[in-house]
Amino acid sequence: MSQPAPKTLKIDFVSDVVCPWCVVGLGGLETALETLEAEGVAADIAFQPFELNPRMAPEGENIVEHIGRKYGASPEQSAANRAMIRERAAESGFDMRMTDDSRIWNTFDAHRLLHWAHETAPEKQKALKQALFTAHFTENRNLTDARVLTEAAEAAGLDRAEAAEVLASGRYAQAVRQAEALWRARGITSVPAVVVEGKYLISGGQPAPVFEQALRQIAREG
């Protein structure tokens, strides 16, 4: 019996750097793709911008206060949610260390760096995304700090000096705004939103089997 022809799916992973479910979703997606590799299914993933808190001040906000104000969750509910998400993230090997003292940050500059990576070295964009996730969720670092962002770029194999120039110059600001507006116009209101082949949507931080089943079906239809 002949093997099906290899299929590379185009995936737009719409997400924010301070979205814990985006960490879970990316882990589930990558695990699914590892399984599907044996079936000849691969993916070309581009990370697209979405700001959960576009008006967040530069000094950020305490996570418990933020979740309470935005969603009405009590401190106990916030802690329970973090524990549950931490377990889900650990399933894909991600070490999430958020505490009551962690902060939520403005992520616009992080998205500018991600856009720069996609434009200049797309093969390193995922590594930058993961480095930014680590800086925020594992190391509890300030994502508005240029040093933190340029160190993440360097960890991803990108040029740190050029990353610093991108941040200082304001480069790609308009491009990020346009991309955000585009995805909102396409109906994306929450993240992660995994858009496959420009027309199939998988929403939320799904476990690997959900991604696996959906991607296998999409690959067959294609």
Taking the side chain as every heavy atom from C-beta outward, state whether [X] and [Y] have any atom pair closer than 4.5 Å.
| X | Y | value |
| --- | --- | --- |
| Pro192 | Cys19 | yes |
| Arg82 | Ile63 | yes |
| Met98 | His136 | yes |
| Gln48 | Leu114 | no |
| Glu139 | Val148 | no |
| Val166 | Arg112 | yes |
| Thr144 | Asp109 | no |
| Leu26 | Glu30 | yes |

How close do [X] and [Y] get, heavy atom to heavy atom, and via which atoms?
| X | Y | answer |
| --- | --- | --- |
| Thr120 | Tyr172 | CG2-OH, 4.3 Å |
| Phe50 | Val191 | CG-CG1, 3.5 Å |
| Thr150 | Arg160 | OG1-NE, 3.2 Å |
| Arg103 | Gly60 | NH2-O, 3.2 Å |
| Ala32 | Ala208 | CB-O, 3.6 Å |
| Asn140 | Ser102 | OD1-OG, 2.5 Å |

Going only through I, L, V, M, F, W and Y residues with side-chain contacts under 4.5 Å, is there a path from [X] to [Y]?
| X | Y | value |
| --- | --- | --- |
| Leu36 | Val210 | no |
| Ile85 | Ile67 | yes |
| Leu182 | Val14 | no |
| Val17 | Phe108 | no |
| Leu52 | Ile188 | yes |

From [X] [atom1] over to [Y] [atom2], what is the distance, rounded to the nearest 0.5 angstrom?
| X | Y | atom1 | atom2 | value |
| --- | --- | --- | --- | --- |
| Arg184 | Thr189 | CZ | OG1 | 11.0 Å |
| Trp116 | Leu128 | CH2 | CG | 7.5 Å |
| Phe47 | His118 | CZ | NE2 | 10.0 Å |
| Tyr71 | Asn81 | OH | CG | 10.5 Å |
| Leu143 | Asn106 | CG | CG | 9.5 Å |
| Asp44 | Glu123 | CG | CD | 11.0 Å |

Check whether [X] reaches the backbone of [Y] with its side chain - one donor and one acceptor, N or O, closer than 3.5 Å.
| X | Y | value |
| --- | --- | --- |
| Asn62 | Asp100 | yes |
| Ser74 | Gln77 | yes |
| Trp105 | Met56 | no |
| Thr31 | Gly28 | no |
| Lys124 | Gly157 | yes |
| Arg141 | Thr134 | no |

Between Phe133 and Cys22, is the side-chain contact (heavy atoms from CB on, under 4.5 Å) condition met? List the steps. CA-CA 9 Å; Phe133 277 154; Cys22 295; 4.0 Å; yes
What residues, two or more places apart in sequence or in another chain, satisfy side-chain contact (heavy atoms from CB on, under 4.5 Å) together with Ala214?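 Per chain and number, Ala214 pairs via side-chain contact (heavy atoms from CB on, under 4.5 Å) with Ile202.
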Ala83: partners by side-chain contact (heavy atoms from CB on, under 4.5 Å), with sequence neighbours left out: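 Partners of Ala83 under the side-chain contact (heavy atoms from CB on, under 4.5 Å) test: Arg86.
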[X] atom [atom1], neighbour heavy-atom count above 12 within 6.0 Å:
| X | atom1 | value |
| --- | --- | --- |
| Gln174 | CD | no |
| Arg147 | CZ | no |
| Glu37 | CD | no |

Begin from the C-alpha positions of Leu215 and Ile11 and carry the test side-chain contact (heavy atoms from CB on, under 4.5 Å) through to its verdict. CA-CA 10 Å; Leu215 295 177; Ile11 296 179; 4.2 Å; yes
Begin from the C-alpha positions of Ile45 and Leu33 and carry the test side-chain contact (heavy atoms from CB on, under 4.5 Å) through to its verdict. CA-CA 11 Å; Ile45 304 175; Leu33 288 170; 3.9 Å; yes
Salt bridge between Glu51 and Arg177, side-chain N to carboxylate O under 4.0 Å?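 Salt bridge: yes.
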Using the rule given for side-chain contact (heavy atoms from CB on, under 4.5 Å), can you reason through Gln206 versus Val194, listing the C-alpha separation, both sets of side-chain angles and the distance that settles it, and then say yes or no? CA-CA 10 Å; Gln206 301 293 345; Val194 181; over 6 Å; no
Which pairs would a plain distance check flag for residues 88-95, meaning a side-chain donor or acceptor within less than 3.5 Å of a matching protein atom at least two apart in sequence or in another chain?
residue: Arg88; atom: NH2; partner: Gly205; partner atom: O; Å: 2.8
residue: Ser92; atom: OG; partner: Ala89; partner atom: O; Å: 3.1
residue: Asp95; atom: OD2; partner: Arg97; partner atom: NE; Å: 2.6
residue: Asp95; atom: OD2; partner: Arg97; partner atom: NH2; Å: 2.7

Short side-chain donor-acceptor distance under 3.5 Å, Gln217 and Glu221: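 Yes.
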